[in-house]
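Inspection log for the structure reproduced underneath, given as structure tokens.
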Amino acid sequence: MARPALRRENPYPEQMQALRIACADCYGYCCTALCFFKTDGFPLDKPPGTPCRNLLPDFRCRVHDQLSKRGWKGCRAYDCLGAGQAAARLYGQDWREAPATASEQFEVFLTLCRLHQIGWHLLEALQLLPAEPLWAALEGQLVENQRLAGQPAGALAGMELSAHCSEVNPLLKRAAARTMQAAGTGKRCADGVGKRFRGRLDGMDFSLAPLIAASFAGCTLYGVNLLGADLRDADLSDADLRGVFFLTQGQLNAAKGNRNTLLPPGLSHPPHWESK
Ligand code: SF4
Ligand code: SF4
């Protein structure tokens with residue numbers, strides 16, 4: 001039996017569009033500002049604020065076409081939600097040309113990453129029909145989020161976001177709870193590493209759950225909360241994800257899937273997924 005729709009059309013398509021990465025308009029911030037570790041899908045450890053050895057002078061990646069083969073799976077998954085090009089726009093001059101601004105540029109990038117992630121989740125919550133009583137408050141936080149992201153570079157560097165998060169997080173939680181309740185039980189799965197899920201998963205709460213190498217192959221996920229779930233190597237082949245929420249492109253990129261995987265609006269099939 002068909003279930004009622006849980007989403008309305010995105011009322012802010014331009015804002016969602018601004019959260020898509022545009023690496024050609026960026027100064028390779030993720031390859032420089034961020035640290036990474038062997039344990040997280042990289043072949044070596046790298047401290048923050050230093051360029052990756054594969055970063056070319058024009059900010060392209062030397063091994064872009066061989067990331068998986070050479071053990072850079074973490075790079076293949078990464079998605080800054082548009083924070084990179086937004087930081088680059090603020091400076092107009094990259095950190096190599098203007099080394100005195102390098103550390104500030106990296107801090108601005110990190111702040112924008114967090115604000116863009118908050119923006120993504122707010123835009124998601126604003127599409128959830130069971131969250132309608134919260135839409136006005138969510139819109140208020142979306143405006144505040146944009147105001148913060150629109151601050152000058154000097155104010156963005158090292159910006160304290162805990163007060164903003166303490167306003168946003170309870171709203172997102174309530175939006176999620178309403179949606180899971182409308183879809184099913186809100187049953188919590190706190191750890192699904194390597195687990196095989198089957199059939200319909202209605203209203204389940206996988207928020208922040210480790211789901212590494214779990215299999216959702218062929219499952220239908222309806223009203224399912226995936227906020228911050230670790231989907232590295234999870235199998236989403238032939239799964240219907242149109243009913244999930246708080247899923248990001250980065251989580252999807254880290255998972256496995258195929259062209260038959262059905263996605264919620266705003267997300268796209270990662271290029272490395274096999275076609276069937
Ligand atoms: S920071 Fe974002 S836009 Fe820049 S290269 Fe990395 S993923 Fe692309
Ligand atoms: S391997 Fe390529 S994508 Fe990954 S951090 Fe290095 S330059 Fe960036």
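Counting starts at 1 for both ligands and their atoms, in listed order.
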Atom indices of ligand 2, in the order listed, that fall short of 4.0 Å to a heavy atom of Asn54
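In order of numbering, the contacting atoms are 1 (S), 6 (Fe), 7 (S).
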Give the atom numbers and elements of ligand 2 that come within less than 4.0 Å of a heavy atom of Leu55.
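Those atoms are 7 (S).
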Protein residue, atom and distance nearest to [atom], heavy-atom basis:
| atom | value |
| --- | --- |
| atom 6 (Fe) of ligand 1 | Cys30 SG, 2.3 Å |
| atom 4 (Fe) of ligand 2 | Cys75 SG, 2.3 Å |
| atom 8 (Fe) of ligand 2 | Cys31 SG, 2.4 Å |
| atom 2 (Fe) of ligand 1 | Cys80 SG, 2.3 Å |

What part of Phe109, side chain from CB on, backbone N/CA/C/O, both or neither, has a heavy atom under 4.0 Å from ligand 1?
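Answer for Phe109: side chain.
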Any cation-pi pair here, Arg200 with Tyr222, using under 6.0 Å and within 45°?
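Flagged: Arg200 positioned over aromatic ring of Tyr222.
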For Lys195, does the NZ atom sit with more than 12 other heavy atoms under 6.0 Å from it, leaving out its own atoms?
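12 or below, so no.
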Met16 and Arg20: side chain to side chain contact (heavy atoms under 4.5 Å, CB included), yes or no, with the steps?
CA-CA 7 Å; Met16 200 63 121; Arg20 286 185 174 273; over 6 Å; no
Should the pair Asp94-Arg96 be classified as a salt bridge under the 4.0 Å nitrogen-to-oxygen rule?
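Here Asp94 does not pair with Arg96 in a salt bridge, since their nearest N and O are not under 4.0 Å apart.
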Arg7/Glu124 ion pair, N-O < 4.0 Å
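Yes, Arg7 and Glu124 are salt-bridged.
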Pull out every atom of ligand 1 sitting under 4.0 Å from any heavy atom of Cys26, numbered as shown with elements.
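Answer for ligand 1: 1 (S), 3 (S), 4 (Fe), 5 (S).
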Identify, by atom number and element, the atoms of ligand 1 in contact range of Gln85, meaning under 4.0 Å from any of its heavy atoms.
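Contacts of ligand 1 toward Gln85, numbered from 1: 3 (S).
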Check whether the side chains of Asn253 and Gln249 place a donor and an acceptor atom closer than 3.5 Å, and report yes or no.
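The criterion, which ignores hydrogens and geometry beyond distance, is satisfied for Gln249 and Asn253.
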Does the side chain of Tyr29 come under 3.5 Å of the side chain of Gln105 through a donor N or O and an acceptor N or O?
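Note: Tyr29 and Gln105 side chains meet the donor-acceptor criterion.
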